[in-house]
Protein chains: 2
Amino acid sequence: MRITVHDIARVANVSQATVSKVLNNYSGVKESTRKKVSEAIEELKFTPDSVARSMVTNKTNTLGLIVGDISNPFFAESAKIIIGKAQEQGYDVIISNTDHDDENLENAIQTLISKRVDGIIISSISRTSIRIKKLHDAGFPVVLYNSRVESDSSNSVVLDNYKGAVLAVDHLVELGHESIAFIAGPTKYLTTYERYAGYEAALKNRGLVLNKEHVYDGEYDYEKVYDFSYNLLSDPDRPTSFFATSDQMALAVMDAAASRNIKIPDELSVVGFDNMNISANQYIGLTTISQQKENMAELALKKLINLIVKKDPHPVSAELTLEPELIVRKTTSTPNKIILERRGYNGT
Amino acid sequence: MRITVHDIARVANVSQATVSKVLNNYSGVKESTRKKVSEAIEELKFTPDSVARSMVTNKTNTLGLIVGDISNPFFAESAKIIIGKAQEQGYDVIISNTDHDDENLENAIQTLISKRVDGIIISSISRTSIRIKKLHDAGFPVVLYNSRVESDSSNSVVLDNYKGAVLAVDHLVELGHESIAFIAGPTKYLTTYERYAGYEAALKNRGLVLNKEHVYDGEYDYEKVYDFSYNLLSDPDRPTSFFATSDQMALAVMDAAASRNIKIPDELSVVGFDNMNISANQYIGLTTISQQKENMAELALKKLINLIVKKDPHPVSAELTLEPELIVRKTTSTPNKIILERRGYNGT
DNA sequence: CTGAAAGCGCTTACAG
DNA sequence: CTGAAAGCGCTTACAG
């Protein structure tokens, strides 16, 4: 049924070996035979079988991309860039979605490896994972995207998350906010962990106290964050601002505020983290910390490809850290004086 | 280096064939030898090579998913569902992003097939494409997701797009709008083509005239739609409402309106199409037509799997059509009387 | 410049 | 219940 190099060889009256040589554009094939073979390929509409080729070359030209949640636009947008760049280099990408579950992650790695992908980009991995070290030590190409692990041996590209959080908090404080709730997300990730540290430090540095009841450190779950925010916003003594560790979570906060009919930014300021495309939409206009995802995604892919083709056997800096940037839009402003006074504050 | 069935066979003192049998859980293996083999597998931490297995079984357990733009949340959310359901059934999925370009699409199909994926779901394909018919006739499992092709032979699951558009227009008309701009998108897709037809018919049916200058039928490009809307909104005689053929495009319209400081819905009504997750966010509250993506995605995957395992050799209905549903939220309202009067309308 | 042969790591009849 | 052998469709030394 399927047509193979053998068929081409027969039709072109050459050996399989020569067919293979023209298929791979090797030099050292007489022009006339190359032509014969090409014509046979054309005639039989032959396309070589990648699986068979992978079997012998030990390359599949496919990459794995493991994300916590592909429906989070930050990941979808990152994926788009990674897929695009990968395609340019001749790689396809298998996407695994873990729903932020460690067991799913482990399974994903397992099957990707058994499918012999040439390398993996992982974007949501617990900071205590030792899996990465094993892969790294085994020489398997892995790079962490917007993730890092505490055991040192790994290649990663991340933002300076600590600094990013400080930027966000400072912005709010400078606007006059003294009560800043925090959607921290799960601290099992080093990124969120460091943002939490940044939040804590910035508060302390500004002489503000951290109110644990104003911090959500549960899982990444839209509904749960919505509920947390919704409840917190019923408090007469509610925070005047929220800092969320992702734009997606910031949107959940805004969703909750809207359903309580609380106006943003007049009655509540919100800052996110990621700068996903939609945040720039002027109808939404979310103030946020840019993750530089174009850069980050491109660097991660480049790093991975280098690892694969071994151009970069001893990468100078295994860990790349990008600079965060505060992008002020329209979800933040000075806290509403009237509300504050009603609550007994006396301005600043 | 790599450890193989051969190694296991040696350690367990059996043949490769029996190793294979326990690997595949075949019956007819003595319990004691099964145990010996299992222990050897355990001991050497062996995981079978999927590539080699695919070579002989003619199955890769991987699917292809081709989308026009994975960064459009509608596609990302659909992908999440498809990937999740696929994983449940033991399939991984390679995602190809075409940027709505026909040549990219063709290349994607090509490489997916040479990688021997077991089946493909295509979500953005030109209605005049003859590629699908060829694949279909060759017996290759393909299902179209939210897409259909004019040549009949294909498996697809789509919404009744014509009716969806009628629903959207009727809603606006019933609210009192007489001037409804339309972001149609490229009419090369049957979905958008049919929505255009629905828009046209509904207008006619309501005795309204279609103003070609109020219709955007260019490519899916956020910037271009933004510009189109921005320009149209400068017109003193501008439309009082927009119907967009996707939520993503509706967002672009809202973006443009916001930058012109035009209030939604007071001064402009907007209805989208898709009902992506974020549209339900109450801060955004986009009125839209639901595509039932959960249903659609699940059905598409099920259809594909059936095609693959041939449980469904003669699918009763090759084309599945779902019912659209209007979801009214807060981006639509009656047209602002003051504005209308200022423009010389005299109410209704 | 060309081809015969071996091999990648599995599974599948088939014989015993 | 078990194993020897062939084969999936390529590529890669190697010999000529």
Side-chain angles (χ1 to χ4, degrees), chain A residues 1-41 44-62 90 110-118, chain B residues 1-41 44-62 90 110-118:
Chain A
M1 197 68 234
R2 160 179 282 126
I3 111 123
T4 74
V5 282
H6 184 256
D7 299 314
I8 303 295
R10 199 170 24 76
V11 170
N13 230 304
V14 295
S15 72
Q16 292 197 25
T18 35
V19 174
S20 178
K21 278 167 200 155
V22 347
L23 239 27
N24 292 285
N25 250 306
Y26 288 163
S27 59
V29 178
K30 219 199 315 178
E31 197 45 42
S32 62
T33 64
R34 184 185 296 280
K35 188 153 172 266
K36 265 197 306 183
V37 173
S38 300
E39 284 170 358
I41 290 173
L44 305 193
K45 294 194 183 318
F46 169 68
T47 37
D49 183 322
S50 300
V51 175
R53 181 176 281 173
S54 295
M55 183 89 259
V56 19
T57 60
N58 238 319
K59 275 216 69 181
T60 53
N61 287 301
T62 112
Q110 207 76 269
T111 87
L112 288 173
I113 286 182
S114 93
K115 287 200 175 172
R116 285 214 211 168
V117 295
D118 297 331
Chain B
M1 199 67 237
R2 160 180 283 126
I3 110 126
T4 73
V5 282
H6 184 255
D7 299 313
I8 303 296
R10 200 173 19 81
V11 171
N13 231 303
V14 294
S15 72
Q16 293 196 24
T18 37
V19 174
S20 178
K21 278 167 200 154
V22 348
L23 239 27
N24 292 285
N25 252 304
Y26 289 163
S27 60
V29 178
K30 220 200 312 177
E31 197 45 42
S32 62
T33 65
R34 183 184 296 279
K35 189 153 171 266
K36 264 197 306 181
V37 173
S38 300
E39 283 169 359
I41 289 173
L44 304 194
K45 292 192 185 316
F46 169 69
T47 36
D49 183 322
S50 299
V51 175
R53 179 176 282 174
S54 295
M55 183 90 258
V56 19
T57 59
N58 239 319
K59 274 217 69 183
T60 53
N61 287 303
T62 112
Q110 206 77 267
T111 86
L112 252 16
I113 286 183
S114 92
K115 288 200 174 171
R116 285 213 211 169
V117 294
D118 297 331

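Please read these numbers as outputs of a predicted model, since none were measured by experiment.
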- Message: Among residues at least two apart in sequence or on other chains, which ones pass side chain to side chain contact (heavy atoms under 4.5 Å, CB included) with A:K35?
- Response: A:E39

- Item | Rounded distance in Å - NZ (A:K35) to P (C:dC1) | 17 Å

- Pairing residues for B:T62 by the side-chain hydrogen bond (donor to acceptor under 3.5 Å, both in side chains) criterion, not counting sequence neighbours: none

- If every non-hydrogen atom of B:L23 is compared with every non-hydrogen atom of B:R53, which pair is closest and at what distance? CG-NH2, 4.1 Å

- Message: Contact list please: residues 20-30 of chain B against DNA chain D, heavy atoms, distance less than 4.0 Å, in numerical order.
- Response: B:K21, B:G28, B:V29, B:K30

- Query: Rounded to the Å, how far apart are A:R10 CZ and D:dC10 C1'?
  - Reply: 17 Å

Could you write out each protein N or O paired with an N or O of nucleotides 6-9 of chain C at a distance under 3.5 Å?
residue, atom, partner, partner atom, Å
C:dG9, N2, B:A52, O, 3.4

- Those residues that, when tested against B:S15, pass side chain to side chain contact (heavy atoms under 4.5 Å, CB included) (two or more places apart): B:A17, B:T18

- Task: Please confirm whether the backbone N or O of A:Q16 pairs with a side-chain atom of A:S20, one donor and one acceptor, at under 3.5 Å?
- Result: no

- Query: Below 4.5 Å, heavy atoms only, C-beta onward: do A:V37 and A:V11 meet side chain to side chain?
  - Reply: no

- Task: Scan B:S50 against the nucleic acid and name what it touches under 4.0 Å (heavy atoms): base, sugar-phosphate only, or nothing.
- Result: nothing

- Query: Is any side-chain N or O of B:T18 closer than 4.0 Å to OP1 or OP2 of D:dG3?
  - Reply: yes

- Yes or no on side-chain hydrogen bond (donor to acceptor under 3.5 Å, both in side chains) for A:N58 and A:R116, after CA distance, side-chain angles and deciding distance? CA-CA 8 Å; A:N58 238 319; A:R116 285 214 211 168; 3.2 Å; yes

- Query: Whole Å only: how far is the NZ atom of A:K36 from the C1' atom of C:dT2?
  - Reply: 10 Å

- A:V14 versus A:K36: any side-chain heavy-atom pair under 4.5 Å? yes

- Message: Need one value for B:T33: base, sugar-phosphate or nothing, where a base atom within 4.0 Å counts as base even if backbone is also close, heavy atoms only.
- Response: sugar-phosphate

- Message: Under 4.0 Å, heavy atoms only, any strand: does A:V14 hit a base, just the sugar-phosphate, or nothing?
- Response: sugar-phosphate

- Task: Could you check how far NZ of A:K59 sits from P of D:dT12, rounded to whole Å?
- Result: 12 Å

- Query: Any idea which heavy atoms bring B:G90 and B:N61 closest together, and the distance?
  - Reply: O-CB, 3.6 Å

- Task: Dot-bracket for DNA chain C, please, read 5' to 3', with Watson-Crick or G-U wobble pairs under 3.5 Å on both distances, ( ) within the strand, [ ] crossing, | other strand, . unpaired.
- Result: |||.||||||||.|||

- Query: Distance from A:I8 atom CD1 to A:N13 atom CG, nearest 0.5 Å?
  - Reply: 13.0 Å

- Output for pair (B:D49 CG, B:T4 OG1), nearest 0.5 Å, gives 9.5 Å

